[in-house]
Undergrad: 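Dumping the structure here so I can ask a few things about it.
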2 protein chains.
Amino acid sequence: MKLTTKGRYAVQAMADIAAARGAEPVSLPEIADRQGISAGYLEQLFAKLRRAGLVDSVRGVAGGYRLARPAGAIRIGEIVDAVDEEIHTTACHGAAAGCQGAGARCLTHDLWDELGRHIELFLSTVSLEDVIDKRVIGTAAVNAPGGRHQDDWKPGAEV
Amino acid sequence: MKLTTKGRYAVQAMADIAAARGAEPVSLPEIADRQGISAGYLEQLFAKLRRAGLVDSVRGVAGGYRLARPAGAIRIGEIVDAVDEEIHTTACHGAAAGCQGAGARCLTHDLWDELGRHIELFLSTVSLEDVIDKRVIGTAAVNAPGGRHQDDWKPGAEV
DNA sequence: TTTATAGTTGACTAATTTAGTCGGGTTTCT
DNA sequence: AGAAACCCGACTAAATTAGTCAACTATAAA
């Protein structure tokens with residue numbers, strides 16, 4: 001999995017549809033307007049979301065996109081996976097065992113592996129419904145030890 | 001916090017020093033050689049690590065860098081913070097409350113906020129010593145629900 | 001049947017970020 | 001003195017991201 005703003009935009013757009021809660025499809029210009037994302041860019045994202053089976057498209061005059069499943073059955077991790085496709089250029093993509101002739105090279109392999117599992121676990125636990133109903137807070141402790149102020153967190157480029 | 005290869009390189013280099021476990025400083029060319037990172041690039045990273053008080057430098061002929069504290073007292077989160085400095089260009093950096101005139105804009109704010117806390121919590125839990133002693137595995141469940149295969153995870157660019 | 005709406009596709013581009021390189025210093029030990 | 005190492009800042013090439021654009025296709029309402 002990969003975390004970029006693309007993934008965040010996709011989740012935002014999906015949340016927008018979910019929040020509408022209607023049976024009638026939501027058009028991209030509507031979403032673009034409400035969420036401040038360019039319509040052209042949304043097209044790209046929704047093409048992938050459709051291919052991943054997360055949304056159904058309705059063409060024609062009153063068309064748009066609709067969630068393919070109830071919001072409670074769509075996990076955030078699926079959305080992120082759908083738009084941020086994996087490219088396997090990893091230096092050490094083997095099992096955590098020997099990993100590139102052992103040595104010091106992959107001392108940290110297990111660490112990032114484990115972090116990845118943490119993130120996947122979290123994102124696969126939260127559903128779209130949880131997000132729009134604001135049932136997300138409180139899963140992790142409020143402050144990490146050390147007493148520093150908790151800032152925003154940014155993956156890829158910027159948040 | 002931000003997660004890029006820079007942060008991973010820094011952790012890797014710190015782990016290299018920690019793994020040496022000697023009182024005598026480790027030189028950058030040594031680390032560059034063992035970890036496959038260019039020495040010039042390491043200089044940049046170590047300048048920041050030094051400024052953050054994570055390493056002490058020893059100049060002169062047999063000089064190099066040394067951990068400023070025992071490996072058990074250096075948390076991974078500190079290392080990442082030291083090299084991947086924060087830029088606050090966030091659209092909504094306010095509290096999770098209203099956040100940009102309420103509306104649908106920040107439906108997902110809490111989600112990323114919470115994910116950030118998860119990550120910070122995890123990285124602040126693990127010490128450099130844990131990493132070199134391979135005591136990292138097992139904190140998260142091995143598979144997420146859903147049965148998909150767990151792939152690598154990549155933050156910024158590539159892993 | 002026309003026409004407008006809306007999705008679909010793919011190519012293209014500008015800006016940003018990342019991951020370095022390079023060259024010249026300065027300090028310190030032998 | 002001289003070598004080894006750190007220190008600093010400017011520069012750059014590659015990759016990625018975010019976004020634009022134009023042409024095309026399908027659908028439904030008038």
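All chains are named by letter (A, B, ...) in the order of the sequence lines, taking the proteins before the strands, and each is independently numbered beginning at 1.
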Undergrad: Would you mind reading off the distance between Tyr41(A) atom OH and dA14(C) atom P, rounded to a whole angstrom?
TA: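 Distance, rounded to whole Å: 17 Å.
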Undergrad: What is the separation between atom NZ on Lys48(B) and atom C1' on dG20(C), rounded to the nearest whole Å?
TA: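 Rounded to the whole Å, the gap is 13 Å.
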Undergrad: Whole Å only: how far is the CD1 atom of Ile31(A) from the P atom of dA6(C)?
TA: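 About 12 Å, once rounded to whole Å.
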Undergrad: Extract from the structure each pairing of a protein N or O with an N or O of nucleotides 4-6 of chain D at less than 3.5 Å, listing the distance.
TA:
unit_1	atom_1	unit_2	atom_2	d
dA4(D)	O3'	Val61(B)	O	3.1
dA5(D)	O4'	Gly60(B)	O	3.4

Undergrad: Take atom CZ of Phe46(A) and atom P of dG19(D), then tell me their distance rounded to the nearest Å.
TA: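 Phe46(A) atom CZ is separated from dG19(D) atom P by 15 Å.
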Undergrad: Output the rounded distance in Å from OH (Tyr9(A)) to P (dG19(D)).
TA: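 That distance rounds to 4 Å.
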Undergrad: Identify, with sequence neighbours excluded, every residue that meets side-chain hydrogen bond (donor to acceptor under 3.5 Å, both in side chains) alongside Arg69(A).
TA: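 Arg69(A) satisfies side-chain hydrogen bond (donor to acceptor under 3.5 Å, both in side chains) with Glu78(A) only.
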Undergrad: Take Gly40(A) and Gly40(B), find for each the nucleotide of DNA chain D with the closest heavy atom, and name the residue whose nucleotide sits nearer the 5' end.
TA: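 So the residue in question is Gly40(B).
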Undergrad: If you only use heavy atoms from C-beta on, which nucleotide in dA11(C), dT21(C), dT9(C) is closest to the side chain of Ala47(A)?
TA: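 Closest nucleotide to the Ala47(A) side chain: dT9(C).
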Undergrad: What is the separation between atom CG on Asp56(A) and atom P on dA6(C), rounded to the nearest whole Å?
TA: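 Interatomic distance, CG of Asp56(A) to P of dA6(C): 18 Å.
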Undergrad: Give the rounded distance in Å between these two atoms: CZ of Arg51(A) and C1' of dG10(C).
TA: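 Value for this atom pair: 11 Å.
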Undergrad: How long is the line joining CD of Gln44(A) and P of dT9(C), in whole Å?
TA: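 It is 12 Å, rounded to the nearest whole Å.
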Undergrad: Applying side-chain contact (heavy atoms from CB on, under 4.5 Å), name anything that partners Ala47(B), two or more places apart in sequence or on another chain.
TA: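 Testing Ala47(B) for side-chain contact (heavy atoms from CB on, under 4.5 Å), a comparison that skips the adjacent residues, returns Arg51(B).
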Undergrad: Taking side-chain hydrogen bond (donor to acceptor under 3.5 Å, both in side chains) as the test, write out the residues that go with Arg59(A), two or more places apart.
TA: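 Arg59(A) satisfies side-chain hydrogen bond (donor to acceptor under 3.5 Å, both in side chains) with no residue once adjacent residues are dropped.
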Undergrad: Would Glu120(A) and Arg117(A) pass as an ion pair if we require N to O under 4.0 Å?
TA: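 Result for this pair is no, no salt bridge flagged.
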Undergrad: For residues 38-46 of chain B, tabulate all N or O donor-acceptor pairs below 3.5 Å that involve a side-chain atom, not counting sequence neighbours.
TA:
unit_1	atom_1	unit_2	atom_2	d
Ser38(B)	OG	Tyr41(B)	N	3.1

Undergrad: Could I get the full list of side-chain hydrogen bond (donor to acceptor under 3.5 Å, both in side chains) partners for Asp133(B), not counting sequence neighbours?
TA: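 By the side-chain hydrogen bond (donor to acceptor under 3.5 Å, both in side chains) rule, Asp133(B) matches Arg21(B), Arg135(B).
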